[in-house]
A.B. asks: 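Have a look at this one.
When reading the values below, keep in mind they use all heavy atoms of this one structure, side chains included, and skip hydrogens, waters and symmetry mates. Everything quoted here is computed from the prediction, not taken from an experiment.
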Amino acid sequence: MGLLSKRALSIKQFQLNSKIFACPICKQQMNMSDEGKMSCPSNHTFDVAKQGYLYMLNRPVQSMYGKELFESRHKVIHAGIYDKVQKAIAGEIIQQNSVILDTGCGEGSHLHRICEQLDGAVGIGIDISKEGIMAAAKFYNEQLWCVGDLANSPYNEQSFDAILNILSPANYEEFKRLLKPGGKVIKIVPQENYLMELRKQAFADSEKESYTNAQTVERFKTAFAHVEVKRITYTVPLEVDLVQNLLEMTPMGWHIEEKESIQLREITIDLDLLIGME
Ligand SMILES: C[S@@+](CC[C@H](N)C(=O)[O-])C[C@H]1O[C@@H](n2cnc3c(N)ncnc32)[C@H](O)[C@@H]1O
Ligand SMILES: [Zn+2]
């Protein structure tokens, strides 16, 4: 598919879902023209890029996440290492035709793979990193991708049945504004044995070897009226050529000096799945 037709396809999808979009500057309803301009009545306008995503930040943002990090995440996710996590998330969104927002979606694979498991789901991904969203738009035509700030998101209130927040920063006031009545926030946070084999070799005897996310879980519990916590723990075999990707996919890997000396045969995924409802 050429770039032009990809943009045209995205414009159609944005038009079909335009009632979801609110201007990030003045909060008014937005409209998508046939030419690919998303604009509000005050004429704040955002263009669909040739790769098919919408850039909706109104200030420049320096992201610490670059192209290589998202390429590495893409390879690791495609190797199936997070399959059980995606399945668990999809299992929480059983309703047909759900509208799902992934906040801090990165290169988009989680959202894409979750939507594939659901009937008629509409997936929208937002990330502050243009590199992440460019990768998402390159790989996946079925979802809608926006560069934007999850704390000041370009969407109307009560627009989403589910809001995902996977290993990313959160803003619960904003998430509650965006949820439809009865909707769910689904947040994934690392637990103490997450990537344990990697941390053991890289940071033996230092405080990075272990960590806790108790505070994040507590904050989540105070933010929502109804909260469920489910732990997902498993260990999967790791192909040799994925080790370097695993090192490059998190900021943790940037601080490791002798990356080549690290050898891993398997890797442990240990995450909390937090579900919040009003
Ligand atoms: C560790 S990555 C996780 C990405 C993806 N959810 C995954 O699991 O592969 C954290 C992501 O949060 C994004 N992020 C950080 N602050 C953000 C903000 N204010 N608005 C939107 N995205 C943000 C980063 O750009 C990055 O892609
Ligand atoms: Zn506006």
Side-chain angles (χ1 to χ4, degrees), residues 1-25 29-40 43-61 63 65-75 77-78 86 97-150 152-156 159-166 168 178:
M1 187 191 298
L3 284 177
L4 192 68
S5 58
K6 185 155 181 141
R7 183 173 185 269
L9 191 76
S10 288
I11 291 170
K12 288 219 158 43
Q13 281 171 313
F14 279 112
Q15 282 177 326
L16 279 173
N17 293 288
S18 66
K19 65 173 191 310
I20 292 174
F21 287 80
C23 177
I25 299 166
Q29 177 63 49
M30 302 208 89
N31 189 41
M32 174 62 83
S33 73
D34 290 342
E35 290 73 39
K37 289 187 187 306
M38 182 76 100
S39 52
C40 72
N43 248 337
H44 299 125
T45 302
F46 305 89
D47 261 319
V48 176
K50 66 175 187 294
Q51 298 89 342
Y53 66 88
L54 255 184
Y55 187 95
M56 300 191 85
L57 280 173
N58 49 18
R59 60 190 164 89
V61 171
S63 168
Y65 296 90
K67 198 170 173 221
E68 291 75 25
L69 177 140
F70 291 115
E71 278 170 4
S72 290
R73 288 194 94 81
H74 188 77
K75 287 192 187 133
I77 297 171
H78 268 258
Q86 291 149 3
N97 306 324
S98 285
V99 185
I100 305 168
L101 177 67
D102 187 2
T103 56
C105 64
E107 52 67 63
S109 296
H110 292 307
L111 179 63
H112 176 76
R113 292 161 82 102
I114 289 163
C115 287
E116 270 187 340
Q117 299 175 40
L118 297 166
D119 219 10
V122 174
I124 300 185
I126 183 168
D127 201 287
I128 207 156
S129 163
K130 186 174 159 184
E131 300 288 357
I133 291 297
M134 278 173 70
K138 181 172 106 185
F139 294 125
Y140 308 116
N141 292 329
E142 300 86 349
Q143 285 74 41
L144 297 173
W145 306 107
C146 308
V147 181
D149 184 356
L150 62 82
N152 176 37
S153 72
Y155 313 111
N156 281 310
S159 291
F160 299 97
D161 299 289
I163 296 179
L164 315 183
N165 183 243
I166 305 174
S168 294
L178 297 174

A.B. asks: Which atoms form the tightest heavy-atom contact between I100 and A121, and what is the distance?
C.D. replies: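 So the minimum-distance heavy-atom pair works out to CD1-CB, 4.0 Å.
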A.B. asks: If you round to the nearest 0.5 Å, how far is CD of E142 from CD of E116?
C.D. replies: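 Between E116 CD and E142 CD, I get 7.0 Å after rounding to 0.5 Å.
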A.B. asks: What are the two closest non-hydrogen atoms of M30 and P24, and how far apart are they?
C.D. replies: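 M30 and P24 have their closest heavy atoms at SD-CD, 4.3 Å.
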A.B. asks: Do the side chains of W145 and C105 get nearer than 4.5 Å, heavy atoms only?
C.D. replies: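 They are in side-chain contact.
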A.B. asks: Are K6 and N141 linked by a side-chain donor-acceptor pair shorter than 3.5 Å?
C.D. replies: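 There is such a pair between these side chains.
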A.B. asks: So, taking the atom named CE in M38 and the one named OG in S18, what distance separates them when rounded to the nearest 0.5 Å?
C.D. replies: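 Here the rounded value is 6.5 Å.
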A.B. asks: What's the separation between atom CG in L111 and atom CD in Q143, rounded to the nearest 0.5 Å?
C.D. replies: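 Here the interatomic distance stands at 5.0 Å.
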A.B. asks: Between atom CG of D161 and atom CG of L101, what is the distance when rounded to the nearest 0.5 Å?
C.D. replies: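 Nearest 0.5 Å value for the CG-CG distance: 11.5 Å.
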A.B. asks: Indicate yes or no: at least one non-hydrogen side-chain atom of Y155 is less than 4.5 angstrom from one of C146.
C.D. replies: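 The answer is yes; the side chains approach within 4.5 Å.
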A.B. asks: Assess the side chains of S109 and E107: does a donor N or O sit below 3.5 Å from an acceptor N or O?
C.D. replies: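 Looking only at side-chain atoms, E107 and S109 do form a donor-acceptor pair, the distance falling under 3.5 Å.
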A.B. asks: Do Y53 and K130 come within less than 4.5 Å of each other through their side chains, counting heavy atoms only?
C.D. replies: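 Of all side-chain heavy-atom pairs linking K130 with Y53, at least one is under 4.5 Å.
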A.B. asks: May I ask you to test the Q29-N156 pair for a side-chain heavy-atom distance under 4.5 Å?
C.D. replies: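 Yes, close enough: below the 4.5 Å cut-off.
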A.B. asks: Under the criterion side chain to side chain donor-acceptor pair (under 3.5 Å), which of D47, N31, T45 is the partner of K37?
C.D. replies: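 The single option meeting the side chain to side chain donor-acceptor pair (under 3.5 Å) with K37 is D47.
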A.B. asks: For residues L118 and S98, determine if any side-chain heavy atom of one lies less than 4.5 Å from a side-chain heavy atom of the other.
C.D. replies: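 They are not in contact (no side-chain heavy atoms under 4.5 Å apart), so the answer is no.
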A.B. asks: Measure the CZ-OG distance between F21 and S159 for me, rounded to the nearest 0.5 Å.
C.D. replies: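 Going from CZ on F21 over to OG on S159, the span is 9.0 Å.
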A.B. asks: With a 4.5 Å limit on heavy-atom distance, are the side chains of F46 and V147 in contact?
C.D. replies: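 Sidechains of V147 and F46: no contact.
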A.B. asks: Verify the ring-centre separation between F139 and H112: is it less than 6.0 angstrom?
C.D. replies: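 Not close enough - the centres of the two rings lie 6.0 Å or further apart.
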A.B. asks: Would you check, one step at a time, whether the test side chain to side chain contact (heavy atoms under 4.5 Å, CB included) holds for V48 with M32?
C.D. replies: CA-CA 9 Å; V48 176; M32 174 62 83; 3.3 Å; yes
A.B. asks: If you look at every heavy atom in A137 and Q51, which pair is closest and at what distance?
C.D. replies: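 A137 and Q51 have their closest heavy atoms at CB-O, 3.5 Å.
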A.B. asks: Does a side-chain heavy-atom distance below 4.5 Å link I11 with D34?
C.D. replies: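 No; the side chains remain at least 4.5 Å from each other.
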A.B. asks: Check D127 against G106 and note the closest heavy-atom contact, atom names and distance.
C.D. replies: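 Residues D127 and G106, closest heavy atoms: OD2-N, 2.8 Å.
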A.B. asks: Measuring from R113:CZ to Y140:OH, what's the distance to the nearest 0.5 Å?
C.D. replies: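 It comes to 6.5 Å.
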A.B. asks: Taking all non-hydrogen atoms of both residues into account, name the closest pair between L150 and I126 and its distance.
C.D. replies: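 L150 and I126 have their closest heavy atoms at N-CD1, 4.4 Å.
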A.B. asks: Give a yes or no answer on whether the side chain of S63 reaches the backbone of S129 with a donor-acceptor pair at less than 3.5 Å.
C.D. replies: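 Between the backbone of S129 and the side chain of S63 there is no qualifying donor-acceptor contact (under 3.5 Å).
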A.B. asks: Would you indicate whether the side-chain heavy atoms of I166 and Q86 approach each other to under 4.5 Å?
C.D. replies: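 A side-chain contact is absent here, since even the closest heavy-atom pair is not under 4.5 Å.
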A.B. asks: Determine, stepwise, if the pair L164 / I114 fulfils side chain to side chain contact (heavy atoms under 4.5 Å, CB included).
C.D. replies: CA-CA 10 Å; L164 315 183; I114 289 163; 3.8 Å; yes
